[in-house]
J.: 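Pasting in a structure now, in structure tokens, and then I'll have a few things to ask.
All of these numbers come straight from a predicted model, not from anything done at the bench.
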Amino acid sequence: MAAACPCRPIAPDTAAARLLGALWFVSVTTGPWGAAAGGGEETLKCEDLKVGQYICKDPKINDATQEPVNCTNYTAYVQCFPAPNITCKDFGGNETHFTGNEVGFLKPVSCRNVNGYSYKVAVALSLFLGWLGADRFYLGYPALGLLKFCTVGFCGIGSLIDFILISMQIVGPSDGSSYIIDYYGTRLTRLSITNETFRKTQLYP
């Protein structure tokens with residue numbers, strides 16, 4: 001004959017208290033406090049610092065191209081300095097306590113591929129000599145330039161259209177390069193949707 005169990009049922013309040021205690025213990029041992037007790041959190045990389053915790057130098061501009069001097073594959077890099085009393089891992093992976101004078105990381109900035117075609121020259125040629133096709137010859141479209149020359153700029157209509165297209169930077173050099181425009185001047189920026197920009201729109205609706 002089986003013996004009767006002497007156990008009594010656990011009160012609901014007691015069970016809830018035990019469950020909360022277990023959850024608290026797990027959160028302490030696996031959360032930031034537990035990480036601190038086990039040796040501290042991992043040091044942040046300098047490139048992950050928030051805005052205001054570092055300052056970056058302006059890029060050095062090439063006078064001839066009006067683009068950063070170290071522009072390669074549409075990307076240039078500028079030196080960034082973490083604020084004083086910031087500790088982070090620099091671009092070499094070394095944990096450093098910064099005083100505000102040391103380079104912490106290199107920040108990428110976008111740049112353009114230029115090949116000697118000036119935006120100001122192209123607009124001037126289109127405005128004053130567009131009816132002779134000088135703008136198309138300058139940008140590397142000899143066939144269209146000759147056609148405009150023979151038709152006097154398509155009776156002026158083609159010259160007007162080309163002037164608008166060149167002024168809006170819709171028509172550019174034939175080799176696919178960009179116009180030389182003052183780096184800190186007015187530029188046309190084309191916005192496009194990529195996987196990265198789409199992801200950011202989902203993160204910040």
J.: Is Tyr183 reachable from Val121 through a run of hydrophobic residues whose side-chain heavy atoms are each under 4.5 Å from the next?
T.: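 Unlinked, Val121 and Tyr183 end up in two clusters.
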J.: Tell me, do Cys56 and Phe81 make a side-chain contact under 4.5 Å, heavy atoms counted?
T.: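 No. Closest side-chain heavy atoms not under 4.5 Å.
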J.: Indicate the atoms forming the closest heavy-atom contact of Leu147 with Thr151, along with that distance.
T.: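 So the minimum-distance heavy-atom pair works out to O-OG1, 2.7 Å.
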J.: Check for a donor-acceptor pair, side chain of Ser167 on one end and backbone N or O of Phe163 on the other, with a separation under 3.5 Å.
T.: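 A pair under 3.5 Å: yes.
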J.: How far does CZ of Phe154 sit from OG of Ser159, to the nearest 0.5 angstrom?
T.: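 Phe154 CZ to Ser159 OG: 8.5 Å, rounded to 0.5 Å.
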J.: Taking the six-membered ring for Trp, is the centroid-to-centroid distance between Phe105 and Tyr54 below 6.0 Å?
T.: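 Yes: the rings meet the under 6.0 Å criterion.
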J.: Quick one: which of Leu44, Asp90, Thr87 gives a side chain to side chain contact (heavy atoms under 4.5 Å, CB included) with Glu95?
T.: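 The option that passes is Thr87.
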J.: According to a 4.5 Å side-chain heavy-atom criterion applied to Ile, Leu, Val, Met, Phe, Trp and Tyr, with indirect links allowed, do Leu139 and Leu132 form part of one hydrophobic cluster?
T.: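 Yes, one cluster joins them.
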J.: For Asn70 and Tyr77, work out which heavy atoms get closest and say how close.
T.: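 Heavy atoms only, the tightest pair is ND2-O, 3.1 Å.
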J.: According to a 4.5 Å side-chain heavy-atom criterion applied to Ile, Leu, Val, Met, Phe, Trp and Tyr, with indirect links allowed, do Phe98 and Phe91 form part of one hydrophobic cluster?
T.: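 Result: no, two separate clusters.
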J.: Considering only heavy atoms from C-beta outward, does the side chain of Lys57 approach that of Val103 to under 4.5 Å?
T.: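 No, their side chains stay 4.5 Å or more apart.
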J.: Nearest 0.5 Å please: distance from the CD1 atom of Ile166 over to the OH atom of Tyr119.
T.: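 Rounded to the nearest 0.5 Å, the CD1-OH separation comes to 9.0 Å.
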J.: Would you name the heavy atoms of Cys80 and Pro82 that are closest together and state the gap between them?
T.: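 Result for this residue pair: O-CD, 3.7 Å.
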J.: If you measure from CG on Leu106 to CD on Gln79, what distance do you get to the nearest 0.5 Å?
T.: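 So the CG of Leu106 and the CD of Gln79 are separated by 6.5 Å.
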J.: Output yes when a side-chain donor or acceptor of Asn73 lies under 3.5 Å from a complementary backbone atom of Thr75, and no otherwise.
T.: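 No; zero donor-acceptor contacts below 3.5 Å.
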J.: Could you tell me whether a side-chain N or O of Lys148 sits under 3.5 Å from a main-chain N or O of Gly130, the two making a donor and an acceptor?
T.: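 The answer is yes, because a donor-acceptor pair under 3.5 Å joins these two groups.
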J.: How long is the straight-line distance from NZ of Lys107 back to SG of Cys46, given to the nearest 0.5 Å?
T.: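 Between Cys46 SG and Lys107 NZ, I get 14.0 Å after rounding to 0.5 Å.
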J.: Quick check against the 3.5 Å criterion: does Gln66 have a side-chain atom that pairs as donor or acceptor with the backbone of Ile180?
T.: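 No, Gln66 side chain to Ile180 backbone: no donor-acceptor pair under 3.5 Å.
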J.: Nearest heavy-atom pair of Gly140 and Ser174: which atoms, and what distance?
T.: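 In this case the closest contact between Gly140 and Ser174 is O-OG, 3.2 Å.
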J.: Would you say that Tyr184 contacts Ile61 through its side chain, given a criterion of any heavy-atom pair below 4.5 Å between the two side chains?
T.: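 Yes, their side chains come closer than 4.5 Å.
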J.: Counting neighbours of CD1 on Ile157 that are heavy atoms of other residues, nucleotides or ligands and sit closer than 6.0 Å, is the number greater than 12?
T.: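 For Ile157, atom CD1 is not crowded (no more than 12 foreign heavy atoms under 6.0 Å).
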J.: Taking a hydrophobic cluster as the set of Ile, Leu, Val, Met, Phe, Trp and Tyr residues connected by side-chain heavy atoms closer than 4.5 Å, whether directly or through intermediates, do Tyr117 and Val114 fall within one such cluster?
T.: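 Different clusters: Tyr117 never reaches Val114 through Ile, Leu, Val, Met, Phe, Trp or Tyr contacts under 4.5 Å.
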J.: Under a 4.5 Å cut-off applied to non-hydrogen side-chain atoms, are Ser118 and Tyr138 in contact?
T.: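 Of all side-chain heavy-atom pairs linking Tyr138 with Ser118, at least one is under 4.5 Å.
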J.: I'd like to know whether CG of Leu127 has more than 12 heavy-atom contacts from other residues, nucleotides or ligands below 6.0 angstrom.
T.: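 Counting neighbours around CG of Leu127, more than 12 heavy atoms of other residues, nucleotides or ligands fall under 6.0 Å, so yes.
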J.: Using 0.5 Å steps for rounding, measure from the OG1 atom of Thr96 to the CD1 atom of Ile86.
T.: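 Rounded to the nearest 0.5 Å, the OG1-CD1 separation comes out at 12.5 Å.
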J.: Could you tell me the separation between the OG atom of Ser126 and the CG atom of Leu160, rounded to the nearest 0.5 Å?
T.: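 Answer rounded to 0.5 Å: 9.0 Å.
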J.: Evaluate whether atom CZ of Phe149 has more than 12 neighbouring non-hydrogen atoms of other residues, nucleotides or ligands under 6.0 angstrom away.
T.: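 No.
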J.: Looking only at heavy atoms, which two atoms of Thr99 and Pro84 are closest? And how far apart?
T.: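 Nearest heavy atoms, Thr99 then Pro84: O-CG, 3.5 Å.
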J.: Could you report the tightest heavy-atom contact between Asp58 and Val78, atom names first, then the distance?
T.: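 Minimum heavy-atom contact is C-CG1, 4.4 Å.
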J.: Hey, does the side chain of Tyr141 reach the backbone of Gly133 with a donor-acceptor pair shorter than 3.5 angstrom?
T.: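 No: the side chain of Tyr141 does not pair with the backbone of Gly133.
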J.: Are Pro173 and Tyr179 close enough that some pair of their side-chain heavy atoms sits under 4.5 Å apart?
T.: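 Sidechains of Tyr179 and Pro173: in contact.
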J.: Transitively linked via ILVMFWY side-chain contacts under 4.5 Å: Val109 with Tyr74?
T.: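 No, no single cluster joins them.
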J.: Any side-chain heavy atom of Asn113 sitting closer than 4.5 Å to one from Ser177?
T.: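 Yes. Closest side-chain heavy atoms under 4.5 Å.
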J.: Is there side-chain contact between Phe137 and Leu146, with at least one heavy-atom pair below 4.5 Å?
T.: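 Answer yes - side chains close enough.
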